[in-house]
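A short worksheet on the structure shown next.
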Amino acid sequence: MPMSSIKPRTMPGVLELLPLDQIAFQGMLDTIRRNYERFGFLPVETPVMEFSEVLLTKSGGETERQVYFVQSTGALEQGGTPELALRFDLTVPLARYVAEHEHELSFPFRRYQIQRVYRGERAQRGRFREFYQCDIDVIGKDHLSIRYDAEMPAVIHSVFRELDIGPFQIQLNNRKLIRGFFEDLGIAEGERQMLVLREVDKLDKRGADAVRATLQGEGFGLPAEVVARIMDFVSTRSTGHDHALACLERLGRGNQTLAQGADELREVLTLVRAFGVPETHYALNFSIARGLDYYTGTVYETHLTDFPQIGSICSGGRYDNLASHYTKSKLPGVGISIGATRLFWQLREAKLIGTADSTVQVLVTQMDEADLPKYLELAGLLRSAGIPTEVQMEPRKLAKQFHYADRAGIRFVAVLGTDELAKGVVTIKDLRKQDQFEVARADLVKTLRVEIEQAAAMKGR
RNA sequence: GUGGGCGUAGCUCAGCUGGUUAGAGUACCGGAUUGUGAUUCCGGUUGUCGGGGGUUCGAAUCCCCUCGCUCACCCCA
């Protein structure tokens, strides 16, 4: 078999990018990181592999089905079950991390984490087996004020405003509110409540009629009157700050759980406004449940107003006790997660982001092989001014050099030929503007900086 | 895990009811008086028609099996 007969390919469900797209993606991660840090979150990384026993504490059937186990060849040969597995989210590793370093951390512990996670799902459009999650969480010891729940929307607002991908809305709900409501309807049992919630969570996806039919159908067998009350409740959407408060008021007192949920939402709403989030950017949505079993209070989803089909681009919530499997200490927390790979992929599909320019700003051409030292010197000058610069090292037809710069996404080409050397100038061509000019060597750095800045400003618009 | 769709050049695809050496666009490479890319013109490379078996004088085309991809469902901590 010839050496070249193996088809180069990646497994389905991974996102591998060409350099200019990678630059765009990294720009997105940079923005997220910058905003997380701006709000005072500290960086943490954890290993991509964890001990299986640590990872699989929740051992739901579904979880286990989607976990990739890891085994060395040696261990594989000896049989036995893999003791390592790839993390499938960042929350479980966080719980382990906090429990392990409990006595070295300061609480409330505010961490951010931007790393890849792994899920063995069947590949599907816009869903990945390897993807980035960008998480922040605030973990308290014994107690964590509800006020932190209001900080999350403030961070979300800051991130997505700066990502500049169009209007968006942060939708809020509260698990206690939902639980209380269902208890009043006589749907008190946990498992059954979960099933109903799971169905209700699909409201925006499947439509009201489909959900109503399912709830009244044989699987659930709920009376039409009860279903009507459920549908009425879960279709609540607030249209402004005062309306949101009115929606909560309209619920009445109900049972204690419902009342507590409403009180929490009220406080969160009030503080979200105080954080300066415009009221157009947050709303109540009583159908949001989130699949996660461990959410106990506030839950969030964020949607792009002009692209509802994209679904939630950032979600999270409050949990009572993060690390009960690893420590006796009570560690309540609240957090959010941005699925960056999926988000990037969808934004690209929706044409909301394009291919970036190269991070390389200047290509110095080679006119005469003998003058290479002069080109290197010029590049050195630009580099020490902080301008990323590449030098044409091999002799090549000038047209090829321009072609290369164009394809590589390098915007400026610096030409230093005999004419320029004689005159003490450099010719700069802006490939995007199809424009070129001569600039005195002494003014080169200053001029290029202005050009680069202008180019960046144009791009941002 | 359950069900549907699709496999022809790097990519997007054409190839009628079986019939000569399997095509187009795009991309890529080279050229159009050696200091200017993308645009134009000319030329060139590219395929075990996913794989195996069967029917036939003859299969990219029909049948069976298999593999891969893909979409929906399940689920999404």
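Any value given below was found using the heavy atoms of this structure, including those in side chains, with hydrogens, waters and symmetry copies removed. Per chain, numbering begins at 1; letters A, B, ... match sequence-line order.
B/G50 and B/C6 have their C1' atoms separated by 12 Å, with the value rounded to a whole Å. Nucleotides B/G19 and B/G25 place their P atoms 23 Å apart, quoted to the nearest Å. Distance check on atom C1': B/U61 versus B/G4 gives 23 Å, rounded to whole Å. Separation of the C1' atoms belonging to B/U26 and B/G44 is 16 Å when rounded to the nearest angstrom. When the P atom is used for both B/C57 and B/A27, the distance is 46 Å, rounded to whole Å. If you take atom P in B/C13 and the same atom in B/G53, they sit 29 Å apart, rounded to whole Å. Rounded to the nearest Å, the gap between the P atom of B/G18 and that of B/A60 is 13 Å. Taking atom C1' on both nucleotides, B/C28 is separated from B/C65 by 38 Å, rounded to a whole Å.
Annotation: of the two residues near RNA chain B, A/K202 and A/Q434, the 5′-most nearest-nucleotide partner is A/Q434.
In this structure, B/A72 forms a base pair with B/U2, meeting either the Watson-Crick or the G-U wobble geometry with both donor-acceptor distances under 3.5 Å. Summarising the base pairing, B/G19 is matched to B/C57 through a Watson-Crick or G-U wobble pair whose two defining distances lie under 3.5 Å.
Taking 4.0 angstrom as the limit, A/R407 places a side-chain polar atom (N or O) nearer than this to OP1 or OP2 of B/C28. A/K433 has no side-chain polar atom (N or O) that falls below the 4.0 Å cut-off from OP1 or OP2 of B/G37. Distances shown here put a side-chain N or O of A/R198 below 4.0 Å from the OP1 or OP2 atom of B/C75.
Residue contacts for A/T418: at a heavy-atom cut-off of 4.0 Å it reaches a base atom on one of the strands shown. No engagement by A/Q401 is indicated, since no non-hydrogen atom pair under 4.0 Å with the nucleic acid exists. A/A405 comes within 4.0 angstrom of no nucleic acid atom, judged by non-hydrogen atoms across all strands. Using a 4.0 Å heavy-atom distance criterion, A/V413 is classed as making no nucleic acid contact. A/Q366 comes within 4.0 angstrom of nothing in the nucleic acid, heavy atoms only.
No more than 12 heavy-atom neighbours from other residues, nucleotides or ligands sit within 6.0 angstrom of CD on A/E53. The 12-atom threshold is not exceeded at OH of A/Y404, counting heavy atoms of other residues, nucleotides or ligands nearer than 6.0 Å.
Here B/U70 presents its P atom at 11 Å from CZ of A/F128, a figure rounded to the nearest Å. Put simply, NE2 on A/H403 is 12 Å from C1' on B/G30, counting in whole angstrom units. The distance from atom CE of A/M194 to atom C1' of B/C76 is 11 Å, rounded to the nearest whole Å. To the nearest angstrom, C1' of B/A38 lies 15 Å from CG of A/D435. Counting to the nearest Å, the P atom of B/C76 and the CZ atom of A/F131 are 13 Å from each other. Atom-to-atom, CD of A/Q436 to C1' of B/A38 comes out at 15 Å; the value is rounded to the nearest Å. For the pair A/L431 CG and B/U36 P, the interatomic distance rounds to 14 Å; values are reported in whole Å. Rounded to whole angstrom, the span from the CZ atom of A/R127 across to the C1' atom of B/C73 amounts to 11 Å.
Residues A/E451 and A/R411 are not paired through a salt bridge, judged by the lack of any N-O separation under 4.0 Å between the basic side chain and the carboxylate. At a threshold of 4.0 Å, the pair A/R110-A/E151 counts as salt-bridged, since one of the basic side-chain nitrogens sits closer than that to a carboxylate oxygen.
The side chain of A/K397 approaches B/G31 more closely than any other nucleotide in the set B/G31, B/A38, B/G35. Distances were taken from every side-chain heavy atom of A/T427 (C-beta onward) to each of B/U36, B/A38, B/C76; the shortest belongs to B/U36.
Between A/Y68 and A/Y118, the ring centre distance reaches or exceeds 6.0 Å. In this structure, the ring of A/F286 has its center no less than 6.0 angstrom from the ring center of A/F181.
Below 30°, between 30° and 60°, or above 60°: for A/H157 and A/F168 the angle between ring planes is between 30° and 60°, a tilted geometry.
Between the side chain of A/K429 and the base of B/U36, at least one donor-acceptor pair of N or O atoms lies under 3.5 Å.
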